[in-house]
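Written below as structure tokens is the structure these notes are about.
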Amino acid sequence: MAARSTNLPERFGLDRLATPIGTALLVTDAEGALRALDWDDYEHRMRELLRLHYGAADLSERSAPAAMKAALSDYFAGDLGRLSGIAWRIAGTPFQQKVWTALARIPAGTTMSYGALAARIDMPKAIRAVGHANGSNPIGVVLPCHRLIGANGSLVKYGGGLERKRWLLRHEGVEV
């Protein structure tokens with residue numbers, strides 16, 4: 001996790017975006033980088049992840065960059081490649097950063113097991129740690145934690161609920 005500071009709390013903007021699977025909460029910094037993306041029915045979890053990663057965080061209503069909202073809307077409309085153009089910046093341990101960066105490299109329309117991702121980051125025995133890092137991912141959808149599945153191909157764990165995970169995978173062309 002990021003070192004917590006006794007200084008003033010981090011200041012972020014909070015915006016909302018209607019999607020086919022619920023209202024997405026978009027948390028951005030002063031430079032317009034995405035810091036968190038979660039669902040309105042999981043706002044408490046999102047705020048807890050922000051606290052864990054940044055210490056005190058001050059959220060105020062502020063529009064996310066139009067280009068970010070357009071990219072997300074385009075993704076939900078079927079242009080799956082648009083997520084890669086979204087600027088993001090997140091705090092986490094070096095291990096979490098490694099997992100999250102690897103998540104960003106899983107192509108739309110594909111899935112990977114936790115074990116395969118652990119092997120991809122050259123830590124094949126770190127399957128559970130990969131799972132924990134995946135569960136702490138503050139930027140769902142953009143860092144596609146929904147593309148991780150169980151070793152037997154089953155849908156397991158998704159912070160936004162398994163129905164959303166199922167929808168996202170089907171939307172990307174994965175039969176589930």
Side-chain angles (χ1 to χ4, degrees), residues 1-19 21-73 75 82-106 112 114 117-118 120-123 125-148 156-162 164-165 168:
M1 306 285 158
R4 293 190 187 137
S5 172
T6 57
N7 297 334
L8 295 174
E10 292 273 358
R11 295 185 180 272
F12 299 122
L14 175 64
D15 199 359
R16 290 166 178 77
L17 179 71
T19 78
I21 53 175
T23 301
L25 301 174
L26 310 176
V27 176
T28 56
D29 62 22
E31 290 81 38
L34 186 64
R35 294 297 192 108
L37 186 156
D38 216 321
W39 306 102
D40 63 347
D41 50 333
Y42 288 89
E43 184 171 352
H44 177 75
R45 183 180 79 91
M46 179 196 74
R47 287 179 181 272
E48 180 62 13
L49 284 175
L50 287 170
R51 186 191 67 74
L52 289 171
H53 293 304
Y54 299 105
D58 178 27
L59 291 179
S60 58
E61 299 291 325
R62 183 174 66 225
S63 292
M68 177 186 297
K69 291 174 81 170
L72 285 163
S73 293
Y75 166 82
R82 293 280 282 143
L83 294 179
S84 63
I86 295 174
W88 53 271
R89 183 178 314 121
I90 50 180
T93 66
F95 179 79
Q96 288 172 326
Q97 294 283 341
K98 192 173 196 177
V99 169
W100 297 334
T101 300
L103 280 175
R105 294 187 182 120
I106 302 172
M112 180 177 284
Y114 293 88
L117 187 63
R120 181 177 277 188
I121 63 169
D122 296 323
M123 300 183 79
K125 295 183 183 206
I127 298 167
R128 286 187 181 180
V130 164
H132 287 297
N134 191 53
S136 295
N137 170 16
I139 305 179
V141 181
V142 174
L143 296 183
C145 49
H146 60 277
R147 295 180 189 153
L148 286 185
V156 292
K157 298 183 182 180
Y158 180 66
L162 287 181
R164 280 193 180 106
K165 181 173 187 161
L168 289 164

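The basis for the numbers below is simple: all heavy atoms, side chains too, and nothing from hydrogens, waters or symmetry mates. Quick caveat: nothing in here was measured; it's all calculated off a predicted structure.
To the nearest 0.5 Å, the span separating CZ on Arg105 from CG on Leu117 amounts to 10.5 Å. The line from CD of Glu10 to CG of Leu59 is 11.0 Å long, rounded to the nearest 0.5 Å. The distance from atom CZ of Arg147 to atom CG of Asn134, rounded to the nearest 0.5 Å, is 12.0 Å. Between the CD1 atom in Ile90 and the CG atom in Asn137 there is a gap of 6.0 Å [rounded to 0.5 Å]. The CE atom of Met46 lies 11.5 Å from the CG atom of Asp41; values are rounded to the nearest 0.5 Å. Taken to the nearest 0.5 Å, the CD1 atom of Ile21 stands 4.0 Å off from the CG atom of Leu168.
When every heavy atom of Pro65 is checked against every heavy atom of Gly32, the shortest pair comes out as CG-O, 3.5 Å. The two residues Gly140 and Cys145 have their closest heavy-atom pair at CA-SG, 4.2 Å. The two residues Pro138 and Leu49 have their closest heavy-atom pair at CA-CD1, 4.2 Å. Considering all non-hydrogen atoms of both residues, Thr28 and Ala64 come closest at CG2-CB, 4.1 Å. Contact record, Ala133 with Phe95: CB-CE2, 4.1 Å, taken as the closest heavy-atom pair. A pairwise comparison of heavy atoms in Ala57 and Pro9 identifies N-CB, 4.1 Å as the closest pair.
Counting only heavy atoms from C-beta outward, the side chains of Leu17 and Leu37 never approach each other to under 4.5 Å. Trp88 places none of its side-chain heavy atoms less than 4.5 Å from the side chain of Leu83. Side-chain atoms of Trp100 and Ser136, non-hydrogen and from C-beta on, do get closer than 4.5 Å to each other. A heavy-atom distance below 4.5 Å is not found between the side chains of Leu148 and Tyr158. Residues Ile86 and Ile139 form no side-chain contact, since every pair of their non-hydrogen atoms from C-beta on lies 4.5 Å or further apart. For the pair Thr19/Val141, no side-chain contact is recorded, criterion being any heavy-atom separation below 4.5 Å from C-beta on.
A donor-acceptor distance shorter than 3.5 angstrom exists from the side chain of His53 to the backbone of Ala91, with no hydrogens or angles considered. No donor-acceptor pair closer than 3.5 Å links the side chain of Arg16 to the backbone N or O of Asp40. At distances below 3.5 Å, not a single donor-acceptor pair connects side-chain atoms of Arg89 with backbone N or O atoms of Ala33.
Val99 pairs in a side chain to side chain contact (heavy atoms under 4.5 Å, CB included) with only one of the listed residues (Ile121, Leu143, Thr93), which is Ile121.
Take Asp38 and apply the side-chain hydrogen bond (donor to acceptor under 3.5 Å, both in side chains) test, not counting sequence neighbours, and it matches Arg45.
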Inset, instruction - May I have the step-by-step check of side chain to side chain contact (heavy atoms under 4.5 Å, CB included) for Arg47 and Leu14, ending in yes or no? - result: CA-CA 11 Å; Arg47 287 179 181 272; Leu14 175 64; 4.2 Å; yes
- Verdict with reasoning, Asp15 to Met68, per side chain to side chain contact (heavy atoms under 4.5 Å, CB included): CA-CA 11 Å; Asp15 199 359; Met68 177 186 297; over 6 Å; no
**Q.** Criterion side chain to side chain contact (heavy atoms under 4.5 Å, CB included) on Tyr75 and Val142, from CA distance to verdict
**A.** CA-CA 10 Å; Tyr75 166 82; Val142 174; over 6 Å; no
